[in-house]
Student: 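Here it is, the structure, as structure tokens.
Sequence lines set the chain letters: A, B, ... in the order given, protein chains first and strands last, and positions in each chain run from 1.
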There are 2 protein chains.
Amino acid sequence: MASRKKQAPVPASTNPVSMADLARELGVSMTTISRALSDHHSIGPAMKQKVLKLAKKYNYQPNRLASALRKGKSQLIGIIVPYIEGRFFPSVVHGIETAASRAGYNVIICQSNEDVDQERRNLDILLSAQVAGILVSMSRTTLEADHFETVRGRGLPLVFFDRVPEGDNVNAVVLDDQEGGYVSTRHLLSQGARRIAHLAGPQHLNIYKNRLQGYRQALHEAGMAPDEQLIVHTDMSQEQGAAAMRQLLALPAPPDAVFAAGDYSALGAMQEARRQGRRVPQDVSISGFSNEAFTLITEPTLTTVDQRCEEMGQAAVRLLLDVIEAGTAPFTPRQVALRPELLVRGSSVRAAKAEPAAAHLS
Amino acid sequence: MASRKKQAPVPASTNPVSMADLARELGVSMTTISRALSDHHSIGPAMKQKVLKLAKKYNYQPNRLASALRKGKSQLIGIIVPYIEGRFFPSVVHGIETAASRAGYNVIICQSNEDVDQERRNLDILLSAQVAGILVSMSRTTLEADHFETVRGRGLPLVFFDRVPEGDNVNAVVLDDQEGGYVSTRHLLSQGARRIAHLAGPQHLNIYKNRLQGYRQALHEAGMAPDEQLIVHTDMSQEQGAAAMRQLLALPAPPDAVFAAGDYSALGAMQEARRQGRRVPQDVSISGFSNEAFTLITEPTLTTVDQRCEEMGQAAVRLLLDVIEAGTAPFTPRQVALRPELLVRGSSVRAAKAEPAAAHLS
DNA sequence: TTGTAGGCGTTATCAA
DNA sequence: TTGATAACGCCTACAA
């Protein structure tokens, strides 16, 4: 549409200049060039300057393929995630890319689309690409972790994050979900709640099991017997959150607080509570999990738990680099559990500092 | 914590097996191996089967580094984005990765962090990595596109998306923002609105300029003179959206609809309107832009424009592959404009089919 | 149908 | 301090 500027007549495909070209031009050997460029010790400062100047002049770019082939190791880190969408994985990937590039690595990313076979193929591809290490968050359909053994067999550094296999013989970075459930519940207690319900997630997934566990632990420590009626299992959707709330409010003794294992179910619950004329947080306090973007714009804003996505990515890279640097030296698999951060917002803070309320304990 | 399963005593770093290994074992030449594996025509079916069987047995993985080095082209596509967060870029990357891997390519991803220098370094890295092509969404601080000339100079396929340089001598995929502004405004008109305000974004960014342009076009076609008082410039934040709404409602003749150039400012406007006792959409209709996740959970849900993130990624890959396949043949730069999708929701639909309202035209 | 040999660009080893 | 040379693993004329 706009002005046709001076357009190159033909995209005169310039060949990249190689070390051999520089060597020829300077009348020295390739070895010298290589040494100058890689800042080797046995090289004269004068020679080095000459080489660097010429390299700059011709805008020399090292061929990383050749280098990696020769050295047997690339500067690439492979990532396998179920998908790149929503809030969680993109943020983790963001953290990974940032930490990796700071350390001089680049990142090649694959999606498994929650499919084990795709995950297997991704592994093969990354092995073929001679990556220096692999970061994986397993697909939902990955029941056995045997395909990761071939990676191990190659002696290739491997670190799992978030969706990790059980056991302590793998490197893994996870969020401490139990702690998340624990601090959330303790917070609700501190606000004066005495009948705290829990909207649980699918219990075959560790994260939800652990959040429930933390909830139980907090109640136990507070000397409260858990009321199984107050634990409702959902698929974590907004709809089922609302349904669960309906069910809870219909109880003879309805809860005065709800800890949901996810933000969407928390949202559904909050909307349902208000629909039924309950005030949030005065009549019923609510807290969620994941720090979804929308939790800041609900009215009231939603108390939630931040999952430290970026930190998880960075921690995974750090661990991977440790393994890489260990080289062939024996490395004992390490597990890292990140401490979640409770974000206290409007949906759970009752006006009066609620300590005295402990009097009317159930 | 859990059971210590049978743990490999030493991670016996198995060397990857090469074509030479297979050749030795079978007593044939590497050429034969290569041909068998790459399904070359001049190879006996018996031989081929033998080779494939052995390859499977040893779990042979081709070394893509070596292959790429030899062929001068890798199966990698480089992406440079300002960052991997929020809704937009992750979705585009998702689309890119999906389309690329379907075509047998893998994706190496870099963030410029909105910094030209970082963008330059990223370009160098991707060139070094001998990628087959590059997809870029420019950083905010990229005022001149001269550093992309070196990529062109190398004859390396290059496609811009979303944040693209001006002019028609680059390959580019963008959303048709003007169309988005146009259909949004037409929709509000069709609902009976007669004084439509616009919350504009920073006008030095093309996307916002074009959305405003679409708004003007729709009004013009409807035979309405634009009222400059109804065009408020904001930084697209929720806060400024609310402030703008306050200002608009204080006018002698306040608007009966608002088209915001972004969802956050739309949200701010909607909240402010309700705070002042205006009903949405009856008293004032509202529509936003970007289809942020939260637009589905506001009350009422927010009418908005979807930016076709994934399609953008796929279109960018398709265009890139076209350029790659053209090889050295001359390729005329191509620009693709994706048609946005208006998502009509509660914030803009007035109960009665509003055509008759045209009577009380201002 | 199969084999031989050279080279892609870099780095490591050895000798000068 | 520098240079010659041989790999790294794969591909592809060309020859048999």
Side-chain angles (χ1 to χ4, degrees), chain A residues 13-52 54-55 58-76 124-125 127-132 154, chain B residues 13-52 54-55 58-76 124-125 127-132 154:
Chain A
S13 196
T14 316
N15 292 1
V17 42
S18 75
M19 294 198 341
D21 299 324
L22 299 183
R24 200 174 317 113
E25 171 117 1
L26 279 184
V28 298
S29 80
M30 276 175 46
T31 316
T32 304
I33 305 291
S34 172
R35 286 204 260 245
L37 292 172
S38 56
D39 208 25
H40 195 271
H41 63 275
S42 61
I43 179 91
M47 190 72 227
K48 187 164 136 189
Q49 283 317 311
K50 273 211 304 195
V51 173
L52 291 181
L54 194 70
Y58 284 145
N59 189 25
Y60 166 79
Q61 315 252 50
N63 185 327
R64 304 180 95 189
L65 289 181
S67 170
L69 175 60
R70 178 60 234 258
K71 300 207 284 203
K73 270 287 156 272
S74 73
Q75 290 292 103
L76 290 174
D124 283 346
I125 286 171
L127 288 175
S128 282
Q130 315 296 121
V131 294
R154 277 273 205 304
Chain B
S13 196
T14 316
N15 292 2
V17 41
S18 74
M19 294 197 340
D21 300 324
L22 299 182
R24 201 173 315 116
E25 172 118 1
L26 280 184
V28 298
S29 79
M30 274 178 49
T31 319
T32 305
I33 305 291
S34 172
R35 288 204 257 246
L37 293 173
S38 56
D39 208 27
H40 195 271
H41 63 275
S42 60
I43 179 91
M47 191 71 227
K48 188 164 134 187
Q49 283 316 311
K50 273 211 304 195
V51 173
L52 291 182
L54 194 71
Y58 285 144
N59 189 25
Y60 166 79
Q61 314 252 52
N63 185 328
R64 304 180 93 187
L65 251 41
S67 169
L69 175 60
R70 176 60 232 262
K71 299 207 283 205
K73 270 286 157 270
S74 74
Q75 290 293 102
L76 291 173
D124 282 346
I125 286 171
L127 288 175
S128 282
Q130 315 297 119
V131 296
R154 275 276 204 308

Student: Atom CD of B:Gln130 to atom P of C:dC8: distance rounded to whole Å?
Tutor: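 Going from B:Gln130 (CD) to C:dC8 (P), I get 14 Å.
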Student: Going by number, which of residues 60-70 of chain A have a non-hydrogen atom under 4.0 Å from DNA chain C?
Tutor: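 Within this stretch, A:Tyr60, A:Pro62, A:Asn63, A:Ala66, A:Ser67, A:Arg70 sit under 4.0 Å of the strand.
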Student: Could you go through the side-chain contact (heavy atoms from CB on, under 4.5 Å) check for A:Met19 and A:Ser34 one step at a time?
Tutor: CA-CA 7 Å; A:Met19 294 198 341; A:Ser34 172; 3.6 Å; yes
Student: Take atom CD1 of A:Ile33 and atom C1' of D:dA4, then tell me their distance rounded to the nearest Å.
Tutor: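 Atom-to-atom, A:Ile33 to D:dA4, this comes out as 15 Å.
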Student: Could you check A:Arg64 against A:Gln75 for side-chain contact (heavy atoms from CB on, under 4.5 Å), going step by step and ending with a plain yes or no?
Tutor: CA-CA 8 Å; A:Arg64 304 180 95 189; A:Gln75 290 292 103; 3.4 Å; yes
Student: How is B:Met19 classified with respect to the nucleic acid when contacts are heavy atoms under 4.0 Å: base, sugar-phosphate, or nothing?
Tutor: sugar-phosphate
Student: A:Lys50: which residues meet the side chain to side chain donor-acceptor pair (under 3.5 Å) condition with it, sequence neighbours left out?
Tutor: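 Per chain and number, A:Lys50 pairs via side chain to side chain donor-acceptor pair (under 3.5 Å) with no residue.
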Student: Calculate the interatomic distance between A:Gln75 atom CD and C:dT10 atom C1'; express it in whole Å.
Tutor: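 In whole Å, C:dT10 C1' lies 14 Å from A:Gln75 CD.
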Student: Give me each pair satisfying side-chain hydrogen bond (donor to acceptor under 3.5 Å, both in side chains) with a member in residues 37-48 of chain B, each pair once, sequence neighbours excluded.
Tutor: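 Residue pairs with at least one partner in residues 37-48 of chain B: B:Asp39-B:Lys48, B:His40-B:Ser42.
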Student: Looking only at atom types and distance, does a side-chain atom of B:Ser128 sit under 3.5 Å from a main-chain N or O of A:Gln61, one as donor and one as acceptor?
Tutor: no
Student: Expressed in angstrom and rounded to an integer, what is the separation of B:Lys71 atom NZ from C:dG9 atom P?
Tutor: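 So the NZ-P distance, B:Lys71 to C:dG9, works out to 16 Å.
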Student: Touch check for A:Ser18, heavy atoms < 4.0 angstrom, all strands: base, sugar-phosphate only, or nothing?
Tutor: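 It contacts sugar-phosphate atoms only.
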Student: List the residues meeting side chain to side chain donor-acceptor pair (under 3.5 Å) with A:Lys73, not counting sequence neighbours, and say none if there are none.
Tutor: none
Student: Test side-chain contact (heavy atoms from CB on, under 4.5 Å) on B:Asp21 and B:Tyr58; report intermediate values, then the result.
Tutor: CA-CA 10 Å; B:Asp21 300 324; B:Tyr58 285 144; over 6 Å; no
Student: Tell me, please, which residues at least two apart from B:Arg35 pass side chain to side chain donor-acceptor pair (under 3.5 Å).
Tutor: none
Student: Using atom CG of A:Leu37 as one end and atom C1' of C:dA12 as the other, report the distance to the nearest whole Å.
Tutor: 16 Å
Student: Polar-atom pairs under 3.5 Å, protein N or O versus N or O of nucleotides 2-4 of chain C: list them with distances, or write none.
Tutor:
| residue | atom | partner | partner atom | Å |
| --- | --- | --- | --- | --- |
| C:dT2 | OP2 | B:Gly44 | N | 3.0 |
| C:dG3 | OP2 | B:Ser29 | N | 3.0 |
| C:dG3 | OP2 | B:Ser29 | OG | 3.2 |
| C:dG3 | OP2 | B:Thr32 | OG1 | 2.3 |
| C:dG3 | N7 | B:Arg35 | NH2 | 2.9 |
| C:dG3 | O6 | B:Arg35 | NH2 | 3.1 |
| C:dT4 | O4 | B:Thr31 | OG1 | 2.7 |

